[in-house]
Every structure is written in structure tokens, then in C-alpha cells.
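Predicted model, so just to flag it, every value in this text is computed and none were measured.
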Amino acid sequence: MPKQNGVSRHIVLTSHPNRYGSQPISINWGAIDPLQRGPLIATLTNQSHRNVIGTHSGSYSVYRALAVARGELQSDHKPDLSNTSPVEYIGPYPSWADPDKIVSLDPFGAIVGEVFTSYYEQGYDIRPTIAITKAHINMPELQDAVAKGRLQIDGKIMKPGGDLVVTKAAIEPVWYLPGIAKRFQITEGELRRALFEQTGGMFPELVTRPDLEVFLPPIAGVTVYIIGDIQDIADPGKPLAVRVHDECNGSDVFGSDICTCRPYLVHGIEVCVQTAQEGGAGVIVYCRKEGRALGEVTKFLVYNARKRQEGGDRADAYFFRTECVAGVQDMRFQELMPDVLHWLGITRIDRLVSMSNMKYNAITSSGIEVGERVPIPDDLIPQDARVEIEAKKFAGYYTTGDVLDASNLAEVKGRSLVD
């Protein structure tokens with residue numbers, strides 16, 4: 001059989017449970033001892049070792065496939081993980097041992113090289129799904145907050161020049177399918193079938209391998225930015241601020257003023273810094289759910305529909321236009337979002353920087369106590385984003401300000417496409 005990159009080009013199907021003589025290592029989700037829990041083996045170097053559906057890198061796995069197809073990457077390449085261990089360690093916390101608390105990430109994902117050494121010695125190719133490092137970030141809005149006295153240069157959290165010192169963690173999605181189904185109050189069979197059918201049959205093991213209960217979906221993950229001492233996050237005696245932010249490339253990166261995303265993100269960072277400087281800690285959870293998890297193409301189509309409809313971009317039609325294009329108003333489904341908070345050991349949030357009832361309800365329903373809710377200050381809302389913010393307040397989003405009635409809501413309009 002011809003080979004490519006030193007590997008046989010014979011296609012091996014893994015959609016039948018008895019394809020190999022030996023059964024893969026079992027996974028006992030929720031065990032606090034990683035050796036009892038078992039490693040997650042999603043690599044392709046030895047098909048008989050695989051005990052999960054899917055593979056590493058989330059949506060970037062497709063780019064890896066292109067690199068292999070072009071011959072630029074050996075398909076059997078094993079990364080050299082020397083010196084890649086976390087610069088800070090998180091957990092373990094009691095929530096790691098609760099199979100109902102964490103179902104969408106691997107709590108041991110950052111320390112696989114340390115806890116599964118015996119498996120490495122036996123030739124198993126186990127790879128991290130979480131990486132933890134340190135960095136400095138610098139944003140002009142934070143420099144402005146320092147200049148206006150809202151933030152202080154303390155030399156530890158805020159450095160001279162406005163550099164903010166953070167610990168950050170990148171997290172790949174790891175789905176424990178029985179737990180995901182339970183979280184969404186559906187059967188595991190219904191979940192597996194929908195995932196199989198709505199990805200065009202991309203993962204046949206979803207319906208043919210009930211013995212494989214863990215799935216690494218080809219979607220983007222989460223990045224966590226921690227401000228202050230990492231051990232203070234799980235200390236209920238220390239104040240904690242949290243901003244859970246869903247990606248908005250147009251605003252977060254390029255400063256589009258049709259929404260409040262970047263101003264609210266920056267305000268969340270500022271509240272986190274203030275809380276850390278008061279002796280606590282702050283956490284920014286940045287979720288890759290562009291356009292309410294509808295995607296950027298859908299989001300831009302909605303922008304066009306909003307601005308071209310009769311009467312222009314109106315607050316009273318804000319959610320309706322999205323539903324016309326996408327079929328739903330929102331596909332973020334925040335039920336999985338609290339998992340990362342439980343991974344961090346959080347049991348109480350003193351300042352939740354969010355107006356979203358979906359996020360608040362998901363967090364509190366998961367057993368985390370929330371003290372103060374912090375809406376975006378009115379003076380940070382761009383003029384063209386008034387359509388969004390007034391529509392959200394009218395729909396019941398948390399606010400400490402006034403809520404317009406239906407007649408006044410219809411008078412709130414944004415720019416046209418030609419402005």
C-alpha cells in the first residue's frame with residue numbers, strides 16, 4: 001500500500017467498536033484521581049489507543065489536515081512538550097470530582113504530562129487540551145483609566161506604562177456526552193444523532209460507538225484572563241469580579257460602534273483590575289461564540305436586514321431581524337459556560353460584569369453565588385449601539401437605568417448603510 005509522510009494511505013474506519021482486538025482505556029468522568037479518571041487520547045498516531053471521538057485543536061484541526069495533505073506536516077508528528085507545562089497551577093477543586101459541574105472541558109487538560117507519565121512511558125500519545133501562561137496586555141482605554149485616576153499603577157498588577165499583568169489559559173472544548181445531554185435535558189441518543197446529522201455525518205462514531213463517551217468537537221474554545229493572585233479566585237473571603245464575554249471580532253478588535261462589545265469588555269477588565277487592587281482577583285472569560293454563536297456571516301446579513309428594513313435600524317425590531325435570518329434570536333446556550341468557572345474553583349462572584357440574564361441564570365443555576373451585577377455605564381455606549389442596548393433592556397436584560405416603553409423604543413434608530 002503506498003505511503004504518504006511515512007504512513008500508510010489505507011483509510012482506517014473507526015466507526016465499529018470491535019475493529020480492534022483490545023478495548024481502549026476507559027474514561028471514568030468525574031473521578032478526582034486522574035489515573036482513575038483515565039487519559040483522553042484523541043491523537044491519530046495509534047488508532048487502537050483512541051478512546052474519544054474527534055481530535056485535538058478544535059476548528060484548527062482542518063488546517064492541520066491541509067498541512068498534512070500538502071506534505072508540510074508529518075501525519076505522525078508528535079509534539080516536543082518540553083518546558084510547556086503551566087506557569088501557574090489551577091486546582092484540583094471539589095468541582096472537578098462532580099460529573100455534573102464540568103462536562104465541556106477536561107479539568108486535567110493542562111497537566112497531562114505530569115499526571116499521565118506512566119502512559120507516556122508505555123507509548124501513549126496524550127496531548128494537553130489546556131495551556132496556561134503569563135503575559136502583559138496593554139489597551140489604550142486602560143491607560144486612559146490610569147490617567148483619570150480610576151486605576152492605579154501599583155507595580156504588580158498595573159506596571160508603569162499601563163501594562164496589565166495577567167495569567168491566561170487557553171482551553172479546547174472536550175465534551176462528556178452523557179453530561180452534555182443531561183445539561184440540555186435531552187437524551188444522549190438525541191444529542192448524538194443531532195451532532196451527527198447536523199455536521200453532515202462528519203463523525204460516524206457519534207452513532208456507532210456508544211462506548212466512546214467523550215467528543216472533541218471541531219469548534220473554537222475559551223480563553224481565560226486572570227488578574228491578581230490565582231489562588232484568590234477560589235477564596236470566598238476575597239472579592240472576585242468576573243466578566244464572561246462572547247467574541248465580537250468587529251467591535252473587540254476593530255472598534256465597530258454598532259454594538260457595546262468592546263466598551264463592555266474593557267469595562268469588565270477595569271472592574272477586574274479594581275477588584276484585584278482591592279485585595280481580590282478578576283477573571284475575564286472570553287468565549288469564541290461570534291455573532292451569538294450564529295457566525296459572522298449571519299451577523300453581517302442581520303446588520304444589512306436591520307438597516308434596510310422599513311423605518312431603518314430600529315430598537316423595536318432588533319431581535320426580530322436576527323430571528324428572521326437565523327431562525328433563532330440566540331444560539332449561545334449559556335448552559336455550558338459555567339464549566340470554566342467551576343474549573344477555576346469559583347463558588348462566589350462578588351461583581352458579575354454582565355447584563356445578560358442568560359449568563360446570570362446559568363451561573364447561579366450551577367451553584368455559584370452572585371452578589372452585585374454590573375451593567376455597562378451609560379457614557380460608554382456608542383451612539384449607534386443605542387439600538388442594541390435599548391432593545392436588550394426592553395427585553396428584560398438587567399439594568400439599573402430606565403427602560404423605554406414600546407412607543408419610545410420604536411423611536412430609537414441607528415445609522416443607515418450609507419452613513
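- A donor and an acceptor atom, one from each side chain of S57 and R64, are located under 3.5 Å apart.
- Between the N28 side chain and the A31 main chain, no donor and acceptor come within less than 3.5 Å of each other.
- Applying the salt bridge (charged side-chain N to carboxylate O under 4.0 Å, His left out) test to pairs two or more places apart or on separate chains, those with a residue in residues 178-193 are D100-K182, R183-D339, E188-R192, R193-E197.
- Ring orientation note: the planes of F108 and W96 are nearly perpendicular, at an angle over 60° on the 30°/60° scale.
- A salt bridge is defined here as a Lys NZ or Arg NE, NH1 or NH2 lying under 4.0 Å from an Asp or Glu carboxylate O, and R386 with D378 meets this definition.
- Note on ring orientation: taking the six-membered ring where Trp is involved, the planes of W175 and F215 are perpendicular (angle over 60°, cut-offs 30° and 60°).
- Taking CZ from R292 and CG from D330, the interatomic distance works out to 5.5 Å, rounded to the nearest 0.5 Å.
- Between Y119 and Y124, the ring planes are perpendicular. Angles over 60° get that label, and only those under 30° would be called parallel.
- No side-chain donor from either of Y89 and Q231 sits under 3.5 Å from a side-chain acceptor of the other.
- Sparse packing is recorded around CD of Q185, with 12 or fewer heavy atoms of other residues, nucleotides or ligands lying under 6.0 Å away.
- Distance alone, capped at 3.5 Å, is enough to place a donor-acceptor pair between the Q152 side chain and the G149 backbone.
- The number of heavy-atom neighbours closer than 6.0 Å to CG of N83, taken from other residues, nucleotides and ligands shown, is 12 or below.
- In this structure, the salt bridge (Lys or Arg N to Asp or Glu O under 4.0 Å) partners of D246, at least two apart in sequence or on a different chain, are R332, K359.
- In terms of modelled atom types and a separation under 3.5 Å, the side chain of T298 and the main chain of G295 share no donor-acceptor contact.
- Residue pairs meeting the side-chain hydrogen bond (donor to acceptor under 3.5 Å, both in side chains) criterion with at least one partner in residues 360-369, sequence neighbours excluded, are H342-S366, R348-E369.
- Between D76 and K78 there is no salt bridge, since no side-chain nitrogen of the basic residue lies less than 4.0 Å from a carboxylate oxygen of the acidic one.
- Defined by atom type and a distance below 3.5 Å, a donor-acceptor pair is present between the side-chain atoms of D154 and Q277.
- Between E278 and R351 there is a salt bridge, since at least one side-chain N of the basic residue sits less than 4.0 Å from a carboxylate O of the acidic one.
- For the side-chain contact (heavy atoms from CB on, under 4.5 Å) criterion with I130, the lone passing option out of V174, V224, I171 is I171.
- The salt bridge (Lys or Arg N to Asp or Glu O under 4.0 Å) check on R306 picks up D313, with sequence neighbours excluded.
- Each of K168, R288, H245 was scored for a side-chain hydrogen bond (donor to acceptor under 3.5 Å, both in side chains) with T223, with one residue passing: R288.
- More than 12 heavy atoms of other residues, nucleotides or ligands shown are found within 6.0 angstrom of OH on Y120.
- Under the salt bridge (Lys or Arg N to Asp or Glu O under 4.0 Å) criterion, E172 pairs with no residue at all, not counting sequence neighbours.
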Could you list the donor-acceptor pairs under 3.5 angstrom formed by side chains in residues 32-42, with sequence neighbours left out?
unit_1 : atom_1 : unit_2 : atom_2 : d
D33    : OD1    : L35    : N      : 2.9
R37    : NH1    : D106   : OD1    : 2.9
R37    : NH2    : D106   : OD1    : 3.3
R37    : NH2    : D106   : OD2    : 3.4

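- For OH of Y60, the number of neighbouring non-hydrogen atoms (other residues, nucleotides, ligands) closer than 6.0 Å is 12 at most.
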